[in-house]
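In listed order, ligands and their atoms are each counted from 1. Just so it is clear, the structure is predicted and the values come from calculations on it, not from any experiment.
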Amino acid sequence: MLDKVTKLLLVEDDEDDYILTCDYLQQLDSHTFNVEWISSPEQAIEKLSKNEHDICLLDYRLGASNGLSVLKKAIANGFSGPIIMLTGQSNDELDSAALDAGAVDYLIKTEMSSSRFARAIRYALARKDVEGERVERLKAEAENRSKDRFLAHLSHELRTPLSSILGYTELLLQSDFSHQAENELGVIYRNGKHLLSLLNDVLDLSKIAADKLELTLSEVNLDSMLADVYTLMRVSVLDKGLTLRFESQEPLPLVAKLDATRVRQILINLINNAVKFTDKGEIVVKAWTQWVDDTEMLFFSIKDSGMGIAPEKQELIFKPFEQIADVESRSVGGAGLGLAICAELLNRMHGRIDLHSEIGKGSTFTISVYPGDISEVERQTLNFTSAPQLQSKSAPCKVQGRVLVVDDLRDLRMLVGHMISTCGARVDYAEHGQQALEKVRIAEAYKAPYDIIFIDIHMPIMGGKEATIELRKMGYKGPIIALTAATMKGIHEELAALGFNDVIPKPVDSSALYQCLQDYLIAPECAPQAKNIASDKVLTVKKQRFLLVEDDHDAAQITQLLLESLGVETVIASSCAQCLQILNHDQQFNKVLLDMHLPDGRGVDLGQQINDRYPELRLVIVSGAEPDPKQIKDLNIDRVLLKPINLSLLETLISS
Ligand code: ADP
């Protein structure tokens, strides 16, 4: 403060008063003043309009004109600093006229030697600083708000065309054309997915920056979470001929209070990087607990035997958009956002990320998270390994039948489903127990029951144990197989008592899965023809009708195609008006899918109108950005689907 020079404009037509004022100002040791002296009112207005001074002392009597009119014009022209009026004698009327016109204070020249003068100047300058900060803060807040709006909008705009790209590619990959251009379609699909993950990264980072990212803490089964990460990552590790090993040297708590989705995201990110930057050797993930000050924290380390990171780059890579600029890292792609997001997320979880790396030898990333109070929680050691040679042993078997895979993790569900479908069985999916019950009910109603159900034990809404009890109550007689990481003694007996037929341990291993399929399903050559037809066709022809309100032509077309491939008749409306017009004479829809941005209004308002007029209709919001919970809180909606839409997302709408 002392070093800063305060620019002061003195508007005064009497030279003696100018000299006196300068003297007094010099005695004020809290500030150093750079005084500019002006005597004419016109010049004063011109100078003040430039808004270059920190403060102005303005004489009330300036020749023929009076200081008040200068004051008013200066403020009107944009001077934002404090102005103090000076006059020869005390006059209450003038005092209040000056304050009304925008002066911050009114001083009598004879009082200049007093402490009142010093106080007035100091107060005016302090007020200016506070006001300046307030304006800056408001400006920053407004900028942030518009940045958030812009990002939400951008996300919507990008997700809509991505829906079309991914949706059509998915459809083509499943069609008869795929063998002609499988590679090319694969490239489009992979790149579309990559674009989507970049978009998600940018959004994550902007949410973190705007302090909008909220953690969802829940009781998480650590063994099951780690087994899922292991299963998901094993494929790409093995594809590169590497070994993946997960181990805990000491027993780990079975349950911890975490945001499972985010912890999984961090681990997957770090393992993905390890795979990207390692050409041979192994990736080892360790987990342990350790006291930091007086808190028991949960630690994970991800160690690779890859290219390593030079010391001078080690700090940089945790900053957004930083990548090591060498040929190798550029050839593997990425926006350089992953580690910055990990570091921010860990910060929110009261943890941190550390790196130890040596060029040519490999890197170890160590992260810590606060797992809640784990002092009383039961502990267990966990270890799993997969080396490349192990995988080649199990070739898919050939079986026939309908299979339901129930798991809350989409990627895992799809992976298990993919393994099963390579054996020739038809796979259907459910996200949790409740959805599984509905799927089974519908399948039975269409006389195409599932021949086997694979179900995860820990899922939100309804877990595998509860679902199995219900399924047995409903009379489902087929085999139910538990997917579980639990290996405690007696778990098989407990699960058998609940109605399970078998257990496949997590991480799910393809050979265990193939063995199970062989044990419970029949081979195609043994299958009676009639069953074959029934089980393959009937379920897809459950005629549901959806009304899809979407103005983007391509997005509407692909969603319609995907829905129709699932046997859902789909009517498209491209505006609010058209939607209401259709509903006016036809309300026979199982669901109405609403885009949020329509040409003639907001999806939220349209949803409200539909709720009011046709309360029996079930609404699903389809949006490119997560809708503002405040906006949709009064709407009666079934689900929110985030674009891009794909087949498995739409599938979840059908049974519910
Ligand atoms: P990107 O999406 O580019 O991988 P990240 O933030 O995840 O972004 O990583 C930033 C950079 O850090 C990478 O581009 C790479 O240069 C370096 N890096 C990250 N993990 C490793 C690793 N395990 N081994 C070597 N380099 C790594």
| said: Among L270, N273, D201, T278, which one puts a heavy atom closest to atom 19 (C) of ligand 1? | reply: N273
| Side chains of T295 and D293, donor plus acceptor under 3.5 Å | no
| Side-chain heavy atoms of I283 within contact of R245, under 4.5 Å | no
| In terms of atom number and element, which parts of ligand 1 are under 4.0 angstrom from non-hydrogen atoms of I309? | 18 (N), 21 (C), 25 (C), 26 (N), 27 (C)
| remark: If we number the atoms of ligand 1 from 1 as shown, the ones under 4.0 Å from a heavy atom of L337 are 6 (O), 8 (O)
| task | Heavy-atom distances under 4.0 Å are what count here, so tell me which part of D304 touches ligand 1: side chain, backbone, both or neither. | result | side chain
| query | Quick check: are there more than 12 heavy atoms from other residues, nucleotides or ligands sitting under 6.0 Å from NZ of K361? | reply | no
| query | Going through the checks in order, is the side-chain contact (heavy atoms from CB on, under 4.5 Å) test met by L267 and I302? | reply | CA-CA 8 Å; L267 289 172; I302 295 89; 4.0 Å; yes
| Close approach of S363 to ligand 1, heavy atoms, under 4.0 angstrom | yes
| said: Within ligand 1, which atoms have a heavy atom of I317 less than 4.0 Å away? | reply: 11 (C), 12 (O)
| task | May I ask whether F365 has any heavy atom positioned less than 4.0 angstrom from an atom of ligand 1? | result | yes
| said: Can a side-chain donor-acceptor contact be found between S301 and T366 if the only test is distance below 3.5 angstrom? | reply: no
| Under a heavy-atom criterion of less than 4.0 Å, does K276 contact ligand 1? | yes
| field | N221-H458 side chain donor-acceptor pair, cut-off 3.5 Å | value | yes
| How are the rings of F299 and W288 set to each other: parallel, tilted or perpendicular (split at 30° and 60°)? | parallel
| task | Report yes if some N/O of F277 lies less than 3.5 Å from some N/O of ligand 1; otherwise report no. | result | no
